[in-house]
Amino acid sequence: MIEDRYREYYDRLIAQSNAFIEKYCRATGSFQRLLSGKPDPHFLNDYRFYTFTKSTKSLMGLRALLEMGNYEDAIILSRSILECYLSARYFDEKFDAETVRDMVVIPTLMAEGAIVYQGDRVVDRVTGETIEHDKREPYELILGKDRGYFFRLYSVMCQIAHCNISEADAFLDEHGDFTVSSEKNAELAQFLGLFVFLKNFESVVLLESMKLTPLEEEAAVTLCKDLTAFLYQGLADFCKRENGLPEFEEKDAKKLARDMMSSLKEQLGRVEKDFVADLERQNTETALEKDVKPVLLTAEKPSEYFEDLKARNKLVNRFEELRKLIGLEQDPRWHPEGDVWTHTMQVIDRAAKLRDKVSDPYAFMLTALCHDIGKAKTTTKEEDGRIRSIGHETAGLHGISVLLNRLTNDERVKRYVLSMVPWHMKPNIYLHDRSKESSTDRLFDSVPAPEDIIYLSMADKGLSEEEAKFLFDRYDSWKQRKETETC
C-alpha cells in the first residue's frame, strides 16, 4: 500500500501528466525526416514527448505496483523513468547531428534490422560497412547536479532489477523463508518513484517553450513546488536518521541524501528555485535547538534540563513563556501536583516514555512542553476560590508561536505544535464523557497526527494505554473508515 503522504503526489502527478499528454504531446512528423539523415530541431519536442509519455505510463504502473506491495518491481520502473529523464535532458542540452544519430537514427535502424551488431561492431546489414556508433550508456548522459547522486543510486536500482542474490533478503520473511509480501523496500520505492518522475515533469511540462494556459501553469508550478518541498524535507529527515536513506549504509545514505537535495535545487524548467533556500533555512538548527532537541529526544527525564535552567535563572529570554508558569496556581482537584510549571515538567517526562510511539517525536515533545502556556493569560481565581483557565488551549497560541520561532526554523514542526495544542483537552473530555463517534471523528480529522493526540492526552493526564483504550478503539474505527473511503 502507498502511504497517504505519498499517494497524494502520485495522484496529482498522474492526473496533470495525463492531461498534458492528451492536450500537448503531438508528434511533429520530424521523425521520418530524421531517418533520411536530415536532423530537424523540431524533433526535440518529439523526443521530449516520447520520453515523458513513456515515463507517465511507467509511473501509472509503478503506482499500481506500490498498491500491491510489489516494491522491488516499482523500483525497477523508477530506474526506467530515471533513464528516460536522463536521455531527454541530454538530448535537449546536447542536441546536434551526432547526438541524433546515436540516440535516435541508429537505434531505430537496429530495431528495423537495417543495421546489426557483429561482435563489438555496428554494421550495415546490406553493405557490411562499419557504422560509427556511440551507444551512450546512462552514466554518459548525466548532466548538472544529477552527477552527485546518480552512481550510488543507480547501482542500487540495478542490483534490485537484476537477479542479484545480494538482494534476496527483500524476498524473505522473519523466519528466513521466501515470501512475496516483504516490505523491506517500501519506503525507498515510494520515495524514489516521486523523485525520479519530478525530474521528468519539471524538465518537460515546465519548459519555457510549453504553452500552458495560466491555470495549467499555476497548477503545474504549484505541484512542482509542493513536491520539491516534500521530497527535500523527506531527504532532510533521512539525513537525521541513524540509518539515513533506507537500504544504504549510513555514510553513503547521508551523502546520497545531501546530493539528492542539491539536485532538487537545480532549475530545469520555469520554476524558480529560490524557495528552496527557505527549505534549507528550515532544516538548519538554531543554537538553542542544538541544546534542547537532544534533551527532548533522548533524555529519560527532560524535566531535569529545564529544572536546571530554572535553578540557574536561565529561563529568562530563552524560555520566557515557560518561566511565567512558575508559581501559577491550578485547581488542586484536577492538579494536586501544584503549579503549572510542575505539571508541565511531569507531562514532558511522561511524554518521553511515549515518544517512540508517535509520528514525530520532536514535534510531539515540543507540544507537550508548550501545551499549557495559555494558562498564563487565562488563569483566574473566582470568589469561591475555584481556579479556572478557560480557553487556555487557544489563548496561548501567540506565545507558543513566539517561543517556537526562537527555538526552531522548521515550519513543519511549528505547524504540528500549533495545530495540536488547541485540541489537547478534547481526548480526555471525550474519554470521560464516552462521547459520540462523530465527536472523536471530528477530532481525528482536525489534527495533523490523530494517534499522537491520544498519546499527548495520556501524557497530560498520566493515563495508561488500557485507560485510553476507548480512544484507541475510536481511532482504529476512524482509520478503517478512511482506508475504505480511499479504496
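Since the model is a prediction, treat every value here as computed from it, not as a measurement.
- When every heavy atom of Ala220 is checked against every heavy atom of Leu212, the shortest pair comes out as CB-CD1, 4.4 Å.
- Counting heavy atoms from C-beta outward, Phe195 and Ser263 have side chains that approach closer than 4.5 Å.
- Here Phe52 and Phe20 bring their ring centres to under 6.0 angstrom of each other.
- The salt bridge (charged side-chain N to carboxylate O under 4.0 Å, His left out) check on Asp11 picks up Arg63, with sequence neighbours excluded.
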Could you walk me through whether Lys54 and Ser80 pass the side chain to side chain donor-acceptor pair (under 3.5 Å) check? CA-CA 9 Å; Lys54 183 177 186 298; Ser80 175; 3.1 Å; yes
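- Taking CG of Leu418 as the reference point, atom CE of Met420 lies at 11.5 Å (rounded to 0.5 Å).
- We find the CD-CG distance between Glu411 and Leu404 to be 9.5 Å, quoted to the nearest 0.5 Å.
- Within a 6.0 Å sphere centred on CZ of Arg125, heavy atoms belonging to other residues, nucleotides or ligands number 12 at most.
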Worked check of side-chain contact (heavy atoms from CB on, under 4.5 Å) between Arg481 and Glu437: CA-CA 12 Å; Arg481 286 194 296 277; Glu437 205 166 58; 3.4 Å; yes
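- Counting heavy atoms from C-beta on, the side chains of Leu264 and Val276 never come closer than 4.5 Å.
- With salt bridges taken as basic N to acidic carboxylate O contacts below 4.0 Å, one links Lys265 and Glu280.
- Using modelled atom types and a 3.5 Å distance limit, the side chains of Ser203 and Arg89 yield no donor-acceptor pair.
- A donor-acceptor pair shorter than 3.5 Å cannot be found between the side chains of Asp410 and Thr408.
- Salt bridge Glu216/Lys23: present, at least one basic N to carboxylate O contact under 4.0 Å.
- Glu93 CD: more than 12 foreign heavy atoms inside a 6.0 Å radius.
- The shortest heavy-atom contact between Ile2 and Glu67 is N-OE1, 3.5 Å.
- Annotation: the span from Asp274 atom CG to Gln267 atom CD amounts to 8.5 Å, rounded to 0.5 Å.
- Contact of the Ser359 side chain with the Tyr416 side chain is registered, since non-hydrogen atoms from C-beta on lie closer than 4.5 Å.
- Taking the ring axis of Phe275 as reference, the NZ or CZ atom of Lys225 stays within 45° of it and closer than 6.0 Å to the ring centre.
- Under a 3.5 Å cut-off, the side chain of Thr53 and the backbone N or O of Phe49 do form a donor-acceptor pair.
- Using a 4.5 Å heavy-atom threshold, the side chains of Phe444 and Arg474 count as touching.
- Remark: Glu218 engages no residue in a salt bridge (charged side-chain N to carboxylate O under 4.0 Å, His left out) (not counting sequence neighbours).
- With sequence neighbours excluded, no residue forms a salt bridge (charged side-chain N to carboxylate O under 4.0 Å, His left out) with Glu467.
- Phe306 pairs by the ring-ring contact (aromatic ring centres under 6.0 Å, His included) definition with Phe319, not counting sequence neighbours.
- Of the inter-residue distances, the one linking Cys224 atom SG with Gln16 atom CD reads 10.0 Å to the nearest 0.5 angstrom.
- No side-chain heavy atom of Tyr71 sits less than 4.5 Å from a side-chain heavy atom of Lys184.
- The backbone N or O of Val421 sits less than 3.5 Å from a side-chain atom of His424, completing a donor-acceptor pair.
- Side-chain contact, Asp226 with Tyr9: no donor N or O sits under 3.5 Å from an acceptor N or O.
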Salt bridge (charged side-chain N to carboxylate O under 4.0 Å, His left out) assessment of Lys301 paired with Asp349: CA-CA 5 Å; Lys301 290 188 174 183; Asp349 284 350; 5.6 Å; no
Pair Asp4-Glu8, side-chain contact (heavy atoms from CB on, under 4.5 Å): steps then yes or no: CA-CA 6 Å; Asp4 288 342; Glu8 172 192 351; over 6 Å; no
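- Judged purely by distance below 3.5 Å, without hydrogens or angles, the side chains of Ser477 and Gln480 never pair a donor atom with an acceptor atom.
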Walk me through it: do Phe201 and Leu13 pass the test side-chain contact (heavy atoms from CB on, under 4.5 Å)? CA-CA 8 Å; Phe201 185 88; Leu13 281 172; 4.1 Å; yes
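- Atom CD of Glu266 sits about 5.0 Å away from atom CG of Leu268, to the nearest 0.5 Å.
- The shortest side-chain heavy-atom distance between Arg270 and Val221 does not fall under the 4.5 Å cut-off.
- Annotation: Phe230 is in aromatic contact with Tyr6 [ring centroid separation under 6.0 Å].
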Between Glu300 and Arg350, is the salt bridge (charged side-chain N to carboxylate O under 4.0 Å, His left out) condition met? List the steps. CA-CA 9 Å; Glu300 183 178 346; Arg350 290 193 290 259; over 6 Å; no
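- Heavy atoms of other residues, nucleotides or ligands lying less than 6.0 angstrom from CD of Glu466 number 12 at most.
- Judged purely by distance below 3.5 Å, without hydrogens or angles, the side chains of Asn405 and Lys414 pair a donor atom with an acceptor atom.
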Donor-acceptor pairs are to be reported for all side-chain atoms of residues 167-175 against protein atoms at under 3.5 Å, with residues two or more places apart or in another chain.
from: Asp173; atom 1: OD1; to: His175; atom 2: N; distance (Å): 2.8
from: Asp173; atom 1: OD1; to: Gly176; atom 2: N; distance (Å): 3.0
from: Asp173; atom 1: OD1; to: Asp177; atom 2: N; distance (Å): 2.9

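- Checking side-chain atoms of Arg412 against main-chain N and O of Ala363 turns up no donor-acceptor pair under 3.5 Å.
- Glu72 and Asn185 share a donor-acceptor pair across their side chains, judged by distance under 3.5 Å alone.
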Given side chain to side chain donor-acceptor pair (under 3.5 Å), test Tyr90 with Glu140 step by step and report yes or no. CA-CA 9 Å; Tyr90 187 90; Glu140 297 180 280; over 6 Å; no
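- Side-chain contact between Leu279 and Gln233: absent, with no pair of heavy atoms (C-beta onward) separated by less than 4.5 Å.
- Aromatic ring centres of Phe191 and Phe238 lie closer together than 6.0 Å.
- Between the side chains of Asn409 and Thr284, no donor N or O sits under 3.5 Å from an acceptor N or O.
- Lys199 pairs by the salt bridge (charged side-chain N to carboxylate O under 4.0 Å, His left out) definition with Asp146, not counting sequence neighbours.
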Please lay out, stage by stage, how Tyr455 and Glu465 fare under the test side-chain contact (heavy atoms from CB on, under 4.5 Å). CA-CA 9 Å; Tyr455 287 115; Glu465 288 201 23; 3.9 Å; yes
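- No more than 12 heavy-atom neighbours from other residues, nucleotides or ligands sit within 6.0 angstrom of NZ on Lys255.
- Contact annotation: the side chain of Ser457 approaches that of Leu471 to within less than 4.5 Å [non-hydrogen atoms, C-beta and beyond].
- If you take CD1 on Ile454 and CG on Leu463, they are separated by 11.0 Å, rounding to the nearest 0.5 Å.
- The pair Asp445-Lys482 meets the salt-bridge criterion, with a side-chain N (NZ, NE, NH1 or NH2) lying under 4.0 Å from an Asp/Glu carboxylate O.
- Taking both residues in full, the closest heavy atoms of Met157 and Ile75 are given as CG-CG2, 4.1 Å, listed atom of the first, atom of the second, then distance.
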